[in-house]
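What follows is a set of notes on a single structure, which appears directly below.
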Amino acid sequence: MRFLRRALRWADWFEQRGVYVPGEDSHTVDPWRDFGWLIVAWLIGVGAFILFFALAT
């Protein structure tokens, strides 16, 4: 549960920095702002993959 809370807090931090609004083309693409949830999900997935194989050995 603690890991999930930390992940959600991290994702909320990305959202607080700004959320992409479709049709708003007046700014450059900022990966942290526009793809924060995707980055968090990818990092959690990679971490779970590594943890799975670490425990399997």
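- If you chain together hydrophobic residues whose side chains sit under 4.5 Å apart, F49 and I39 never meet in one group.
- By the criterion of side-chain heavy atoms lying less than 4.5 angstrom apart, applied directly or through intervening Ile, Leu, Val, Met, Phe, Trp or Tyr residues, I44 is not grouped with L51; the two fall into different hydrophobic clusters.
- Linking ILVMFWY residues whenever their side-chain heavy atoms come closer than 4.5 Å, directly or via other members, places V40 and I50 in the same cluster.
- Within a 6.0 Å sphere centred on CH2 of W42, other residues, nucleotides and ligands contribute 12 heavy atoms or fewer.
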